[in-house]
Amino acid sequence: MSAYEKDPVSSDEAFSELIASGFQVRPASFEDLPAAVEMFNAAEREMHGNARYTLERYEQEWRLSGFNLDTDTMIVLTDEGAVVGLVEVWDILNPPVHPWMWARVDPAFQNQGIGTAMMNWAFSRARVAKARLEPDFRLAPRAGTIANHQPSTSLLEDLGMEPIRYGWAMLIEMQSPPPKPAWPENIHVRNYQHPQEARAVYQAQDEAFQDHWGYIPLDFDEGFGLWQHRFHKIHAFDPGLWFLAMDGDDIAGMSICYPHADEDPEMGWVEVLCVRKPWRKKGLGLALLHHSFGAYFERGMRRVGLDVDSQNLSGATRLYHKAGMHKHREQVTYEIEMRSGKEITNTG
């Protein structure tokens with residue numbers, strides 16, 4: 001029996017050395033948010049030079065349905081009460097085959113065993129998801145980091161996690177207006193109408209991503225509820241930056257954009273760019289991208305970014321290069337298998 005198939009350990013066991021050294025360890029609470037967000041941003045600046053979290057956004061993260069601060073988080077504080085570490089385990093999707101483990105350590109407190117203790121607790125907490133899985137389903141928690149952040153990659157690899165997927169943050173810096181979009185025949189673009197089109201947009205987006213790596217089918221109401229919270233509460237919602245490519249009454253594709261990137265208020269961010277199968281390979285993705293760039297240019301923004309799976313088989317990276325974007329940063333996803341079995345997510 002491997003260490004990851006045993007019964008979960010208690011928080012006291014996972015954090016025993018830190019507690020003996022004088023640190024306090026307990027579940028996080030909403031009262032911790034201001035200090036926690038400040039620590040998150042200190043860690044983000046050390047990792048890649050930019051703060052990305054706000055109090056308002058992170059409160060909405062913690063309010064996602066199914067997430068429980070008492071069971072899904074642990075916070076590490078000094079004996080004076082300063083927040084120096086925090087770890088979360090997200091297994092809110094059903095079935096929870098790939099719990100997501102997320103942790104940050106104050107850069108001033110690195111190399112004191114905080115990250116190791118938090119991840120060991122996260123492994124233990126992630127094993128709890130087995131009780132909600134079919135007995136033949138594979139369980140493999142995941143975590144991610146910036147690919148060139150050696151403290152994080154070394155920590156995850158030392159704990160037995162393996163890199164399984166790489167993604168890129170891509171960027172365009174516009175010196176002049178982007179090309180006007182060349183729309184395929186019978187396609188017209190318009191803005192999303194909220195709230196009456198919410199269900200149709202979610203359904204079209206979900207369908208478009210079914211063949212992407214990591215996709216997991218969700219019950220419609222569950223998936224729609226999470227989607228609404230993410231796009232209408234966690235991130236700034238601006239329907240003027242939601243573009244629907246329509247073929248008659250059908251949504252052929254879409255570009256869902258945020259007013260600005262989390263890491264830079266002067267950079268636009270394309271959160272979703274997708275085209276449904278019947279309308280692919282007709283230039284619609286490039287047209288939507290040019291349209292989105294143009295909308296940002298009109299708002300005075302000259303830099304626009306997005307995230308992409310660098311191993312995407314649909315040619316997304318080629319599309320973004322064609323549009324003038326370049327790789328800005330590389331992210332890596334790690335995984336550790338806790339139980340072998342049937343992989344139900346898309347592995348393409």
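The side chain to side chain contact (heavy atoms under 4.5 Å, CB included) test with Met267 singles out one residue from Arg302, Arg303, Glu173, and that residue is Arg303. A side chain to side chain contact (heavy atoms under 4.5 Å, CB included) with Asp91 holds for exactly one of Arg125, His98, Met101; it is Arg125.
Between Arg138 and Glu335 there is a salt bridge, with a side-chain nitrogen of the basic residue lying less than 4.0 Å from a carboxylate oxygen of the acidic one. Ionic pairing of Arg190 and Glu197 is present here: one or more N-O contacts between side-chain nitrogen and carboxylate oxygen are shorter than 4.0 angstrom. In this structure, Asp262 pairs ionically with Arg57, as a charged nitrogen and a carboxylate oxygen lie closer than 4.0 Å. Between Asp136 and Arg339 there is no salt bridge, since no side-chain N of the basic residue sits under 4.0 Å from a carboxylate O of the acidic one. In summary, Asp307 and Arg329 do not engage in a salt bridge, as defined by a charged side-chain N under 4.0 Å from a carboxylate O. Ion pairing between a basic and an acidic side chain is recognised when a charged N comes within 4.0 Å of a carboxylate O; Asp247 and Arg276 show no such pairing.
Side-chain polar atoms of Glu46 and His149 form a donor-acceptor pair below 3.5 angstrom. Side-chain contact annotation: Glu157 with Tyr334, donor-acceptor N/O pair under 3.5 Å present. His260 and Tyr258 share no donor-acceptor pair across their side chains, judged by distance under 3.5 Å alone. Inspection of the Glu343 and Thr345 side chains reveals an N or O donor paired with an N or O acceptor under 3.5 Å. If you check the side chains of Trp62 and Gln60, you find no donor sitting under 3.5 Å from an acceptor. Remark: the Asn94 side chain and the Arg132 side chain contain an N/O donor-acceptor pair separated by less than 3.5 Å.
One N or O on the side chain of Asn41 and one on the backbone of Arg52 form a donor-acceptor pair closer than 3.5 Å. Panel note: side chain Asp79, backbone Gly22; no donor-acceptor pair is recorded below 3.5 Å.
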Under 3.5 Å, which donor-acceptor pairs do the side chains of residues 198-206 form with other protein atoms, sequence neighbours left out?
{"from": "Gln205", "atom 1": "OE1", "to": "Trp227", "atom 2": "NE1", "distance (Å)": "2.9"}
{"from": "Asp206", "atom 1": "OD1", "to": "Tyr215", "atom 2": "OH", "distance (Å)": "3.2"}
{"from": "Asp206", "atom 1": "OD2", "to": "Tyr215", "atom 2": "OH", "distance (Å)": "3.0"}

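Follow the hydrophobic side-chain contacts under 4.5 Å out from Ile187 and you never reach Ile251; the two are in separate clusters.
Between Phe40 and Trp102, the distance separating the two ring centers is shorter than 6.0 angstrom. Aromatic rings of Phe237 and His235 (six-membered ring for Trp) have centroids beyond the 6.0 Å cut-off, not under it.
His229 places a side-chain heavy atom less than 4.5 Å from the side chain of Ile234.
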(request) Could you check Trp90 against Glu88 for side chain to side chain donor-acceptor pair (under 3.5 Å), going step by step and ending with a plain yes or no? (result) CA-CA 6 Å; Trp90 292 80; Glu88 304 168 353; 2.8 Å; yes
